[in-house]
Amino acid sequence: MLGNTHFPKKESPADLQNNDDEKELPASEKSLLQKIVRTGLVTSKHDIEVQRRDPKSPLYSVKSFELLKLHPSLLKGVYEMGYNAPSKIQETALPLLLANPPQNLIAQSQSGTGKTAAFVLAMLSRVDPTLHYPQVICLSPTYELAIQTGEVAAKMSTFCANIKLRYAVRGEDVEKGSKLQEQIIVGTPGKVLDWVTKYKFLDPKKIKVFVLDEADIMVDTQGHQDQCFRIRKVLQESCQMMFFSATYTENVMRFANAIAPMSVIIRLKREEETLDNIRQYYVTCNTKEDKYNSLVNIYGGVTIGQAMIFCQTKSMAQWLVTEMINQGHAVALLSGELTVQQRISVLDRFREGKEKVLVTTNVLSRGIDIEQVTIVINFDLPVTVSREPDYDTYLHRIGRTGRFGKKGIAINLVTGDGDFRILKQIEEHFCKPIECLNTDNADDMEKLGATD
DNA sequence: AAAAAAT
């Protein structure tokens, strides 16, 4: 299974002449459907690249939600949420996700491009509301992300009275021996695995759709690979797999291919685009106390919007928050050390703007969607265990700002040669300049303030 | 190193 990653060499001429996707569509709808230009197995349209192994996979993009033939109550929910037309990734992914027979999909696109809405819509469409047992499992790497996804699903299904959702996360419990009635389970890997294999609160054979959000972290060896694999193993072979992620490594791709056979792969190209509206800076510091002072200078100089400050360890985050609070600064802390109740309340306060500055760890580096965040500060640069630059985490962290094309600022605090080397590697990797900033210099600080 | 499961 694991070795089965090869692609057929090329399509036969018969396949290339086969225009069946078009035939099934009424002429009235054709003008709104854009056929994707094919070049062998890899097809591309604008900056979207599609790879498919099954020539019968639908290959068109859809320019309006009506054309997806969604249930009217679901369509109403979509519009109620303010979505008018599908985003780029949704255009291509939705026809595939909703196709019959179901297609496995591996989709890559940057943060803020509408991934969540895409798979939530697919999840809700696949559910049979008249059946009162779980039919969909959606896994997220963190508590916060699971809740955020669940909230999107709840909103979108406002008018689908009979669709119910259940969170499988820390703090949630089910009465022993009972069976879940909700059609949709949104959760984190450990809890879901427990519920499925240990307590048998749901029958994995009845799951029709399995979603992995942030799939790259989920199937990474360092991440939740083992738990995900064990959950996948008890599902039907035919269960539809939907993997969504902002970044993919080749390793992860191999794993995803193995547990999601015959997947269609969609990539939204040009990851640099994410960085185009984010201005990146660095500040040289000698010690962590020095970093602290620079931070306070920035904090005092820029009061527009909200800021997220990332530390590499929980203890560093704790130290920083304690220092800042002792000096009278209003900051909040969110890390895995907090209880789930604390985590909810801190994130809610930050969402509502009651907290302006949030100090956190990599727990919030991915997916969290807070529009008002204009500054991301890397108090510690993101590094791997072997102290190599962690490019993916860097991209995800600074991607917390500059969402949906808005402008954002990222500031990196660096100490010593080691840090500087890592910074230079990051700069080279993304081919985007990271400017030097002197927090004692008024002109420099003005640059930050000017970006409203 | 962080996160995710109780224990």
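Throughout, a chain's letter reflects where its sequence line sits, starting with A, and its residues are numbered from 1.
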Nearest-angstrom distance from the residue atom OH of A:Tyr394 to P of B:dA2: 21 Å
Rounded distance (nearest 0.5 Å) linking atom CG of A:Leu97 with atom CZ of A:Phe244: 5.0 Å
Separation of B:dA4 P from A:Ile231 CD1 (nearest whole Å): 14 Å
Partner residues of A:Lys200 under the salt bridge (Lys or Arg N to Asp or Glu O under 4.0 Å) criterion, sequence neighbours left out: none
Length of the line joining A:Glu337:CD and B:dA2:P, which is rounded to integer Å: 9 Å
Rounded interatomic separation in angstrom, taking CD from A:Gln318 and P from B:dA1: 17 Å
A:Asn104 and A:Ser263 side chains, donor-acceptor separation under 3.5 Å: no
Pairs touching residues 379-391 of chain A that satisfy salt bridge (Lys or Arg N to Asp or Glu O under 4.0 Å), sequence neighbours left out: A:Lys291-A:Asp380, A:Arg387-A:Asp419
Expected output: side-chain A:Ser294 to main-chain A:Asp290 donor-acceptor under 3.5 Å: yes
Close residues, residues 164-190 of chain A, relative to DNA chain B [heavy-atom separation under 4.0 Å]: A:Arg170, A:Thr188, A:Gly190
Heavy-atom donor-acceptor pair, A:Thr401 side chain to A:Val373 backbone, under 3.5 Å: yes
Length of the NZ-C1' vector between A:Lys314 and B:dA4, whole Å: 10 Å
Nucleotide B:dA1, atom P - distance to CG of A:Leu364 in whole Å: 20 Å
Spacing between A:Leu338 atom CG and B:dA4 atom P, to the nearest angstrom: 11 Å
Distance-only side-chain donor-acceptor flag, A:Gln318 / A:Thr322, under 3.5 Å: yes
Short side-chain N/O contact from A:Thr384 to OP1 or OP2 of B:dA1, under 4.0 Å: no
Touch class at under 4.0 angstrom, heavy-atom based, for A:Val385 against every strand present: base
Sugar-phosphate only, base, or nothing, as touched by A:Ser365 at under 4.0 Å among non-hydrogen atoms: nothing
Closest to the A:Ser335 side chain, choosing from B:dA5, B:dA4, B:dA3: B:dA3
Below 4.0 Å: OP1/OP2 of B:dA6 and any side-chain N or O of A:Lys191: yes
Nearest-angstrom distance from the residue atom CG of A:Leu145 to P of B:dA4: 11 Å
N/O (side chain, A:Arg343) to phosphate O (OP1/OP2, B:dA4) under 4.0 Å: yes
